[in-house]
Structures are given as structure tokens and as C-alpha cells.
Amino acid sequence: MELQQKLPADIIFPDIDEATKQFIDATRAQSRALASAEPHPMTFNVEAIRRLTPEARAAFRYIWEREQQRYEEFQRRKMMVN
């Protein structure tokens with residue numbers, strides 16, 4: 001399945017630390033609206049990403065990748081049913 005969007009290759013996205021990953025995952029788990037909503041590809045503004053701090057870019061990439069994975073899994077399940 002081809003993604004609708006890809007992260008720009010010319011922007012450096014540093015690795016994210018484990019504590020931040022855990023914080024993001026815990027926050028997401030607490031959000032019932034997000035968990036129950038039908039997933040959609042997460043859009044972004046490339047120029048806005050360029051202006052983020054390295055730490056913010058790392059967090060963005062982690063969240064974006066998780067949401068893309070969630071969307072792709074949803075699409076695969078949807079295709080299996082149809």
C-alpha cells in the first residue's frame with residue numbers, strides 16, 4: 001500500500017528518547033476519542049516542520065509514524081472484509 005504522504009527526506013528527524021515515547025503513548029491511550037475514531041492519514045505542513053526544534057521534530061515523527069501505521073492496519077483490515 002502506497003502512503004499518501006511521506007516525511008520529507010531532507011529534514012533530519014532525530015531519535016526520540018524512551019521517556020518521551022512513553023509520555024506520548026500514555027497520552028494517546030487516555031484519549032478515548034482518538035482510539036475510537038476511524039483513522040485517517042495525518043497531514044502536515046513541511047515548512048512548519050522545518051521550523052520545529054530537533055526534539056519537537058523527533059516527537060512529531062514518532063506520532064506521525066504511529067498514526068500512519070494505525071491507518072495502514074485499518075486499511076488492510078477493511079480490504080480483508082471487502
Side-chain angles (χ1 to χ4, degrees):
M1 173 184 311
E2 182 66 26
L3 298 178
Q4 292 184 1
Q5 288 193 13
K6 294 184 180 180
L7 294 176
D10 66 321
I11 299 176
I12 297 171
F13 291 91
D15 290 334
I16 189 169
D17 62 274
E18 194 58 38
T20 303
K21 282 182 185 179
Q22 290 176 5
F23 176 77
I24 291 169
D25 291 344
T27 301
R28 184 175 178 271
Q30 292 176 355
S31 174
R32 292 189 190 274
L34 178 61
S36 64
E38 181 176 302
H40 298 282
M42 188 173 149
T43 60
F44 54 85
N45 178 313
V46 174
E47 292 308 313
I49 292 172
R50 291 183 199 285
R51 292 189 293 260
L52 295 174
T53 64
E55 295 81 10
R57 285 195 311 270
F60 174 82
R61 184 190 74 192
Y62 181 73
I63 293 167
W64 184 85
E65 288 174 346
R66 300 270 315 218
E67 288 305 305
Q68 280 301 117
Q69 180 181 22
R70 184 172 173 252
Y71 174 73
E72 290 169 11
E73 289 170 0
F74 172 79
Q75 289 297 329
R76 278 192 289 277
R77 285 192 306 271
K78 191 173 169 182
M79 282 195 235
M80 290 173 63
V81 171
N82 293 331

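No experiment lies behind these values; they were computed from the predicted model shown.
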(request) Quick one: pull up CD in Glu73 and NZ in Lys78 and give me the separation to the nearest 0.5 Å. (result) 15.0 Å
(request) Tell me, with the steps shown, if Ile24 and Arg66 meet side chain to side chain contact (heavy atoms under 4.5 Å, CB included). (result) CA-CA 10 Å; Ile24 291 169; Arg66 300 270 315 218; over 6 Å; no
(request) Heavy atoms only: give me the nearest Pro39-Arg70 pair and the separation to one decimal. (result) CB-NH1, 3.7 Å
(request) Any chance you could lay out the side chain to side chain contact (heavy atoms under 4.5 Å, CB included) test for Glu18 and Lys21, step after step, and finish with the verdict? (result) CA-CA 5 Å; Glu18 194 58 38; Lys21 282 182 185 179; 3.8 Å; yes
(request) Could you tell me whether the side chain of Arg57 and the main chain of Ile12 form a donor-acceptor pair under 3.5 Å? (result) yes
(message) Run Tyr62 and Asp25 through side chain to side chain contact (heavy atoms under 4.5 Å, CB included) and show every step you take.
(response) CA-CA 10 Å; Tyr62 181 73; Asp25 291 344; 2.8 Å; yes
(message) As an exercise, state the distance from CZ of Arg61 to CG of Asp15, rounded to the nearest 0.5 Å.
(response) 5.5 Å
(request) Verify the cluster assignment for Met42 and Phe74: are they in a single hydrophobic cluster under the rule of side-chain heavy atoms below 4.5 Å apart? (result) no
(message) Between Glu67 and Tyr71, do the side chains contain a donor N or O and an acceptor N or O under 3.5 Å apart?
(response) no
(request) Working to the nearest 0.5 Å, report the span between CZ of Phe60 and CD of Glu65. (result) 10.0 Å
(request) Considering non-hydrogen atoms only, spot the tightest contact between Pro14 and Ala58 and give its length. (result) O-CB, 3.2 Å
(request) Mind listing the closest non-hydrogen atom pair of Pro8 and Phe44 along with its distance? (result) CD-CE1, 4.0 Å
